[in-house]
Amino acid sequence: MEQADGAALARLAAAVVRARLTGRPVPDDVPDRAALTVPGASFVTLEAGGRLRGCIGTIEAARPLYLDVIRNAQRAMRDPRMAPVEAAEWPALDVKVAVLAPGRAIPAGTRAEFVAALRPGVDGVLITDGERRATFLPAVWAKLSDPDVFVDSLLAKGGWPAAGWPPGLTASTYTTAEYRDRSPRQPL
């Protein structure tokens, strides 16, 4: 994806958040950039003053990429892990869109095998046992750079005990291209 396409997605996500905060219609015009209309998977992350305010996404392409970004931007505003984003936060709100490349399966029979297959700082990771799943975007490596701490946190996120390795887990990795629409912004 070209940088201009990614920048257009980040602007779109910010426009969606702004529209929702001001009670205006959410923009949903079909973009004139062909790369944005093909099926794609994305995550939208909202941060205010460096503090996470929402992060919601899609692992597998299920709709045109621009529609995936619109959907995830709206959902990130009401991430169930935290209070909804409010209009007063708009001036300090950073909007990030991560576009996911297709995933690839990695060995996960044992924790050691799984950790050895990871590429810290490069890969996003998805683990599942068929009922539960958890994922971390590649950006999480910046905060959890030690692979064992990363894996412990990923397991805890999925509801598994942090130590050890639950039987039957499968894993895949993916990469992302990230685009930002940064603050500061004018108050609403």
Side-chain angles (χ1 to χ4, degrees), residues 1 3-33 35-101 103 124-128 132-144 150 153-154 156-159 174-188:
M1 170 173 295
Q3 181 66 30
D5 295 328
L9 287 175
R11 284 191 307 273
L12 174 61
V16 167
V17 171
R18 187 179 202 288
R20 290 296 304 263
L21 291 173
T22 58
R24 294 193 174 107
V26 170
D28 63 355
D29 296 337
V30 177
D32 59 0
R33 306 186 76 81
L36 307 186
T37 62
V38 298
S42 68
F43 270 74
V44 174
T45 302
L46 307 175
E47 294 180 342
R51 186 173 51 94
L52 181 65
R53 293 298 293 119
C55 182
I56 300 288
T58 310
I59 296 292
E60 295 179 12
R63 63 192 61 79
L65 183 56
Y66 82 98
L67 291 176
D68 198 62
V69 168
I70 290 170
R71 176 182 181 265
N72 292 332
Q74 292 180 81
R75 292 177 66 215
M77 294 177 67
R78 295 193 175 277
D79 187 323
R81 299 170 294 174
M82 54 204 73
V85 173
E86 297 178 359
E89 296 174 280
W90 176 250
L93 200 66
D94 287 320
V95 179
K96 180 171 63 173
V97 174
V99 177
L100 281 64
V125 181
L126 171 69
I127 58 174
T128 184
R132 293 181 274 186
R133 70 183 198 166
T135 191
F136 277 156
L137 294 169
V140 174
W141 286 106
K143 295 178 182 171
L144 302 172
F150 183 93
S153 298
L154 183 60
K157 181 180 182 186
Y174 53 88
T175 58
T176 61
E178 293 185 359
Y179 308 95
R180 294 179 184 262
D181 191 276
R182 297 183 189 273
S183 63
R185 306 173 187 286
Q186 293 295 316
L188 298 175

Q: Mind checking whether Val17 and Trp90 have side chains closer than 4.5 Å, heavy atoms only?
A: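 The answer is yes, as the side chains (C-beta and beyond) meet within the 4.5 Å cut-off.
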Q: With side chains defined as the heavy atoms from C-beta onward, is the minimum distance between Ile70 and Pro64 less than 4.5 Å?
A: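 A side-chain contact under 4.5 Å is absent here.
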Q: Please tell me if the side chains of Gln3 and Tyr179 come closer than 4.5 Å, counting only heavy atoms from C-beta onward.
A: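 Heavy-atom side-chain distance check passes, below 4.5 Å.
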Q: What's the separation between atom CG in Leu21 and atom CG in Leu93, rounded to the nearest 0.5 Å?
A: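 It is 7.5 Å, given to the nearest 0.5 Å.
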Q: For the side chain of Arg20 and the backbone of Met77, is there at least one donor-acceptor N/O pair under 3.5 Å apart?
A: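 No, Arg20 side chain to Met77 backbone: no donor-acceptor pair under 3.5 Å.
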Q: Is the side chain of Arg180 donor-acceptor paired with the backbone N or O of Asp94 at a distance under 3.5 Å, no angle test?
A: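 Side chain of Arg180 to backbone of Asp94, a donor-acceptor pair under 3.5 Å: no, none is there.
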Q: Take atom CZ of Arg182 as the centre, draw a 6.0 Å sphere, and report whether it contains more than 12 heavy atoms from other residues, nucleotides or ligands.
A: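 Incorrect, the count does not exceed 12.
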Q: Does Arg81 use its side chain to pair, donor to acceptor, with the backbone of Cys55 at less than 3.5 Å?
A: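 Confirmed, Arg81 side chain pairs with Cys55 backbone.
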Q: Is it the case that the side chain of Asp68 and the backbone of Thr58 share a donor-acceptor pair, with hydrogens and angles ignored and the cut-off at 3.5 Å?
A: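 Not a single qualifying donor-acceptor pair exists.
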Q: State whether the side chain of Arg53 and the backbone N or O of Ala83 hold a donor-acceptor pair below 3.5 Å, judged by distance alone.
A: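 Checked: pair present.
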Q: Measure the shortest side-chain to side-chain distance between Glu89 and Leu46 over non-hydrogen atoms and say whether it is less than 4.5 angstrom.
A: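 No, too far: nothing below the 4.5 Å cut-off.
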Q: Using modelled atom types and a 3.5 Å cut-off, is there a donor and acceptor pairing between side-chain atoms of Asp181 and backbone atoms of Val95?
A: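 Answer holds: no.
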Q: Please examine the side chains of Phe43 and Asn72, heavy atoms only from C-beta on, and report whether any two atoms are closer than 4.5 Å.
A: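 A side-chain contact under 4.5 Å is absent here.
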Q: Please tabulate, for the side chains in residues 133-144, all donor-acceptor contacts under 3.5 angstrom to protein atoms that are two or more places apart in sequence or on a different chain.
A:
unit_1, atom_1, unit_2, atom_2, d
Thr135, OG1, Val125, O, 2.7
Thr135, OG1, Tyr174, OH, 2.7
Trp141, NE1, Asp123, O, 2.8

